[in-house]
Amino acid sequence: MFKLLAQVGKYSLFMKGLFAKPEKFSVYLRQTALEMATMAWGSIGIVALISSFLGAVVAIQSAYNLSNPFVPISAVAWVTRDSMILEFASTIICLVLAGKIGSSIASELGTMRVTEQIDALEIMGINSSGYLVLPKIVAALLVFPILVIISMFLGIAGGYIGCITAGVMTSADFRKGVIEDFIPFNVTFSLIKTVLYAFAITSVSSYQGYYTDGGALEVGRSSTKAVVYSCTLILVLDYITTQLLLA
Amino acid sequence: MIEVQHISKKFGDRVVLNDVSMTFIQGNTNLVIGGSGNGKTVLMKCMIGLLEVDQGNILYDQRNFTVMDFKERKPVRQEIGMVFQGGALFDSMDVEENVIFPMSMFTSWSDAEKVERANFCLQKVNLPNANRLKISELSGGMRKRVAIARAIALKPKYLFCDEPNSGLDPKTSHVIDELLKEITDEFQITTIINTHDMNSVVEIGERIFFINKGQKAWEGSLDDVLQTDNQELNDFIFSSKLMKGLRK
């Protein structure tokens, strides 16, 4: 318990250190743009692949389970839409991003720590945590929602293609179901979750990487811890936000 | 000039530095020698603020570094150049970007001025056409030279080098030693070098400090070091056949 509290305290101080005045705003801005490009281009492929297949599978499984003649077939479309918007596009995609981006951040910072690159920044008089971590957090806060919106569209498109090719329903039924009883707040809710997840993934992974101590083995351990803690935090945040905003 | 006054440092119950006092003179190559695990690197890390001392003061030209907070230390740190044992070059950048990096952070120079300064520094370390090389493409000696170029980019007043010759062949070690001496003389820098390479001591040592078991056990010039009757220092320096032969 004491160890956990010590870690939380250390994490809070680490977070406080990020928001010191930047040495040079233009350098931070350039670094943020670079991080955004790396995150977006590096993740768009996997997000597109997972989202479209998830959407297709959700649609076909929903159709398979909807055997009640009183439920219209167009319900498959709105089940797919709401599943993608409320849960899959934000939570599942962010769990995938925790594995991809979280481990990459932790191993990058961990390697910089063990090869004394972070010490070199400190000696130059640069706030190393601010310079290395803040651009990553800002980039994630901006890029993750875009990736999640893309995921929503591709998931629904995947559901549409899945239903049509499997002969579950007609194109018109699917289009009718997708716009039926649409609640715009669901998108807002999903984006609120995404922003929280983005902060959790980047800050926890950065913390793990930044405080790596040792050599290559410890860099690997930090990377693993970053993914495990980020995923756990995503699930906890998912539960809390759902309770607070939807219950 | 850097003055280290009665500093002590402990890790848990283990005393690593015990009441160490030294004065490093401007324009001299000050060598800190001693066996592995005797406190040389901890001393250097305390001096540059990577570790906090438990007791004592470190003064950079009369400015007490130990009592300063992170913000107050910034201007002093911008006067410090550091060459790490492994180079600590940023591997996401190429050679030129590494040298330009401190200028981008702390000056308002134009891009042309920064490139001109980077070229000057790279010329100084005999790497005139290496600007676009990636860090992974550099040999150990080249990495050290790029690290020196980056360290002198902002015209530092104090240059710290931690084991600059480790892992290098004798010829490259000699080149690095000569380079450090030349830079120190030309720019009148206060240079502090941690080493246990006796060739460096003989070639560039002007002021030599011997650290043993966390304490300063000896201090003197190159002439003194070869004729000292300090038993621990003699055991350290003349442990190899080559040095024994030199003494004879």
Side-chain angles (χ1 to χ4, degrees), chain A residues 13-14 16-39 42 104-105 107-136 139 206 209-216 219, chain B residues 41 44-52 65 68-93 97-109 111 114 135-136 143 146-148 150-154 156 158-163:
Chain A
L13 288 174
F14 174 68
K16 190 184 157 209
L18 300 186
F19 299 102
K21 190 178 169 229
E23 286 76 22
K24 207 159 196 189
F25 192 70
S26 59
V27 176
Y28 275 58
L29 208 62
R30 196 167 55 232
Q31 195 68 9
T32 306
L34 205 69
E35 293 289 351
M36 281 177 72
T38 311
M39 279 183 196
S104 156
I105 289 174
S107 53
E108 180 193 330
L109 294 181
T111 306
M112 287 187 80
R113 169 64 73 191
V114 300
T115 56
E116 296 178 310
Q117 292 176 49
I118 292 180
D119 289 345
L121 286 170
E122 289 285 326
I123 290 162
M124 286 176 196
I126 295 164
N127 172 13
S128 61
S129 59
Y131 171 73
L132 293 172
V133 179
L134 191 61
K136 291 186 201 305
S206 299
Y210 190 82
Y211 289 109
T212 301
D213 189 17
V219 173
Chain B
T41 302
M44 189 168 274
K45 284 188 172 177
C46 286
M47 289 177 69
I48 54 184
L50 283 179
L51 293 172
E52 295 302 323
F65 191 66
M68 295 176 183
D69 61 20
F70 182 82
K71 213 173 173 182
E72 290 168 328
R73 282 180 178 182
K74 268 191 175 183
V76 180
R77 281 186 157 150
Q78 283 160 33
E79 294 173 356
I80 294 175
M82 172 84 194
V83 179
F84 283 90
Q85 197 170 345
L89 299 171
F90 306 124
D91 38 25
S92 57
M93 303 176 189
E97 286 165 343
N98 261 281
V99 181
I100 281 178
F101 181 75
M103 302 181 225
S104 301
M105 292 303 274
F106 298 112
T107 71
S108 50
W109 299 347
D111 286 348
K114 284 187 248 180
I135 300 308
S136 55
R143 278 171 193 245
V146 175
I148 295 170
R150 186 179 68 183
I152 62 170
L154 286 182
Y158 319 101
L159 181 63
F160 290 86
C161 306
D162 190 17
E163 310 273 5

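A quick note: this is a predicted structure, and the numbers were derived from the prediction, not measured.
Using a 4.5 Å heavy-atom cutoff, the side chains of A:Q117 and B:D91 are in contact. Using a 4.5 Å heavy-atom threshold, the side chains of B:F90 and A:M112 count as touching.
Atom CE of B:M105 and atom NZ of A:K24 lie 9.0 Å apart (nearest 0.5 Å). Here CE of B:M82 is found 11.0 Å from CE of A:M124. Values are rounded to the nearest 0.5 Å. Note: B:L51 CG to A:D119 CG = 9.0 Å, rounded to the nearest 0.5 Å. Distance check: B:R77 CZ to A:L121 CG gives 11.0 Å after rounding to the nearest 0.5 Å.
With chain B as the partner, the residue from A:N127, A:T115, A:I126, A:T111 showing the most heavy-atom pairs under 4.5 Å is A:I126. When the candidates B:I80, B:L50, B:V76, B:L154 are compared by the number of heavy-atom contacts under 4.5 Å with chain A, B:L50 comes out ahead. Chosen from A:I118, A:V27, A:I123, the residue pairing most often with chain B at heavy-atom distances under 4.5 Å is A:I123.
The part of B:L89 that comes within reach of chain A is its backbone (N, CA, C, O), which places non-hydrogen atoms under 4.5 angstrom from that chain. If you measure heavy-atom distances from B:F160 to chain A, you find no contacts under 4.5 Å at all.
Applying the 6.0 Å contact sphere to CG of A:D213 captures no more than 12 heavy atoms from other residues, nucleotides or ligands.
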